[in-house]
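All remarks here apply to the structure that follows.
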Amino acid sequence: MPITVDIDVMLAKRKMSVGELAERVGITPANLAVLKNGRAKAVRFSTLAALCEVLQCQPGDLLRWEGETGPDT
């Protein structure tokens with residue numbers, strides 16, 4: 001997939017666990033894991049906004065476009 005999800009990078013920078021982030025954002029740890037591992041087909045803007053608020057970052061810190069020649073191709 002040409003979109004790479006960097007939630008794990010921000011979690012490490014903020015020294016936060018997946019469980020804590022899920023609780024603070026208001027989603028299940030399982031749904032956060034699907035998003036974090038790049039298996040999600042979509043993300044709601046409200047969820048993205050909540051992630052950015054909790055992690056104190058911009059959407060571009062969590063998502064980046066790799067294009068078709070990225071590491072997954």
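Small disclaimer: the values here were computed from a predicted structure and weren't measured.
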Review point. Hey, what do you get for SG (Cys57) to NZ (Lys13), rounding to the nearest 0.5 Å?
Key: 9.0 Å

Review point. Considering all heavy atoms of both residues, which atom of Cys52 and which atom of Pro59 are nearest to each other, and what is their separation?
Key: SG-N, 3.5 Å

Exercise for review: Just grab all the side-chain hydrogen bond (donor to acceptor under 3.5 Å, both in side chains) pairs involving residues 53-64, residues at least two apart or on different chains.
Suggested key: Asp6-Arg64, Arg64-Glu66

Review point. So, do Leu62 and Leu51 sit near enough that their side-chain heavy atoms are less than 4.5 Å apart?
Key: yes

Point to revise | Qualifying side-chain hydrogen bond (donor to acceptor under 3.5 Å, both in side chains) pairs with a residue from residues 19-32, counting only residues at least two apart or across chains | key: Glu20-Arg24, Thr28-Asn31

Practice item. First locate atom CG of Leu55, then atom CG of Leu21, and finally report the distance between them rounded to the nearest 0.5 Å. Key: 5.0 Å

Point to revise | Shared hydrophobic cluster, Met16 / Leu48 (ILVMFWY, side-chain heavy atoms < 4.5 Å) | key: yes

Check your understanding: Are Val34 and Leu63 connected in the hydrophobic side-chain network, where two residues link if heavy atoms are under 4.5 Å apart?
Key -> no

Check your understanding: Is Arg39 atom CZ crowded by more than 12 heavy atoms from other residues, nucleotides or ligands, each under 6.0 Å away?
Key -> yes

**Study point:** Spatial distance of atom CG (Leu35) from atom OG1 (Thr47) [nearest 0.5 Å]
**Key:** 8.0 Å

Review point. Looking at Leu11, Ile7, Asp8, which one forms a side-chain contact (heavy atoms from CB on, under 4.5 Å) with Val18?
Key: Leu11

